[in-house]
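I have placed the structure first, in the form of structure tokens, so that the comments after it can refer back to it.
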Amino acid sequence: MTGNGSGAVRTDQARVIPPGSTVGILGGGQLGRMMALAGSAMGYRFVALDPAEDGPCAQVADSIAAGYDDREAARELASRADVITYEFENVDAGVAAMLAEQSYVPQGSELLYTTQHRLREKRAIEAAGARVAPYEEISSEAVLREACGRLGLPAVLKTATGGYDGKGQWVIRSEAEIPAAYAELSRSGAELVLEQFVSFRMELSVIAARSSLGEVKTFPAAENIHIDNILHLSVVPARVPAAVLEEAERLAVRIAEGLEVVGLIAVELFLTEEGELFVNELAPRPHNSGHYTMEACRTSQFEQHVRAVCGLPLGDAGLMSPVVMVNVLGQHVEPLVSHLSRFDGEAARLGAVPKLHLYGKAEAKPNRKMGHVNVLAPDTAAALEWIRGTGVWS
Ligand code: AMP
């Protein structure tokens, strides 16, 4: 998507896009909104393409309301922007190619192509020198049965494309489940992959940034706790030995460099009881598990992303305070908002500073990501105690 190929821009061809320029974002959800808020503070202008008229990003930036596969709208986005980025990975390949021809897309489309498909992604992770859980490509029920024999049960059957937040997955616990798991997941027509079940001690993630000029920095690793496959908490620093964190950050750098990332790459990892790290998946964009950076790091992931794609020097990604990020889902909004007046007293007792972020979504549907709270505190135990004490998430 650089105008002369599908890979990321070569460092010797990277442009500096100075503040005052316009950044076009494909997608207008909360990630685009927070990117626009961070970049606006640095003097950039933003225009987002999204089907929603009044989505999270449209409330804080210019917007074009149209489908992601609308060529005419994409052309308009290209004509109004000096540089184009995206805030979700399922960008239509044809639109991506067209944007690359008509505008400057330093991230390229190759990384999207890789991370849109679990098998391609796993091969790229391995080629970069990081490990993934043993896996096999599944083309039929018979192949699935054999693969279950080789990898052992339980094992996780996943669609290679289109899954998120645990959708498009089936944990096969016994041979009796094989036909139903295959029937259910093959229905979408997507290719399938079977992964060995990792009985992990903890899930971690590291967000790395690589600028169009080739500079790389990582944010501190986050310990992630999910409920029903949806991220609930990110605890930073993660409660593991420093050597594990350093190894996780080293792996993220290797992946950012190996995949020639421009912008951000979120690397999700499993830490096993034996202390091994397996990469679970990648996201080539700002990530929910990096929201803690907004107040807790010297540079937020959103500012870092803008710096990376605009060819500015990357900011210091160091941690300023222990922090716990807790997601605000649809069911949490009402109790949280009615708790607001009581935020301060309890927080003061614990030395905690809860920072509220809401994304401006109109409808608070159950399990919909509506916002998050970053709780800065003297230590993560105090932040977790504040979260528990609110009763909002129990
Ligand atoms: P994913 O969509 O691949 O991020 O998977 C969603 C969640 O399912 C992960 O955060 C894990 O909690 C769980 N999971 C996915 N793959 C595996 C695996 N191979 N072994 C154990 N748990 C897994």
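All ligand and atom numbering here is 1-based and tracks the order in the structure. For the numbers below, each heavy atom of this structure counts, side chains included, while hydrogens, waters and symmetry mates do not. A quick note: this is a predicted structure, and the numbers were derived from the prediction, not measured.
- Contact annotation: K167 has no heavy atom less than 4.0 Å from any atom of ligand 1.
- Atom CZ in F88 sits 11.5 Å away from atom CD1 in I25 (nearest 0.5 Å).
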- After noting the C-alpha distance and the side-chain angles of E87 and H305, does the key distance pass the side-chain hydrogen bond (donor to acceptor under 3.5 Å, both in side chains) rule? CA-CA 10 Å; E87 57 120 53; H305 182 75; over 6 Å; no
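- The side-chain hydrogen bond (donor to acceptor under 3.5 Å, both in side chains) with Q301 is formed by just one residue from the set H291, R285, H287; it is H291.
- Defined by atom type and a distance below 3.5 Å, a donor-acceptor pair is missing between the side-chain atoms of W170 and E184.
- The protein atom (non-hydrogen) at minimum distance from atom 18 (C) of ligand 1 is V156 CG2, 3.6 Å.
- From the protein, the heavy atom lying nearest to atom 2 (O) of ligand 1 is Q169 NE2, 2.7 Å.
- Looking only at heavy atoms of the protein, atom 9 (C) of ligand 1 is closest to E203 OE1, 3.4 Å.
- Looking only at heavy atoms of the protein, atom 17 (C) of ligand 1 is closest to F270 CZ, 3.6 Å.
- Note on ligand 1: F200 sits in its first shell, one or more heavy atoms being nearer than 4.0 Å.
- Results of the side-chain contact (heavy atoms from CB on, under 4.5 Å) test with F278 over V198, V132, I125 single out V198 as the only residue that passes.
- The nearest heavy-atom contact from the protein to atom 21 (C) of ligand 1 is V198 O, 3.3 Å.
- With hydrogens left out, the protein atom closest to atom 15 (C) of ligand 1 is K158 NZ, 3.3 Å, a heavy atom.
- What sits closest to atom 7 (C) of ligand 1 on the protein, heavy atoms only, is N229 OD1, 3.3 Å.
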- CA sep, side-chain torsions, deciding dist, call: S234, N224, side-chain hydrogen bond (donor to acceptor under 3.5 Å, both in side chains): CA-CA 5 Å; S234 292; N224 297 320; 2.8 Å; yes
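- A donor and an acceptor atom, one from each side chain of S79 and Q102, are nowhere located under 3.5 Å apart.
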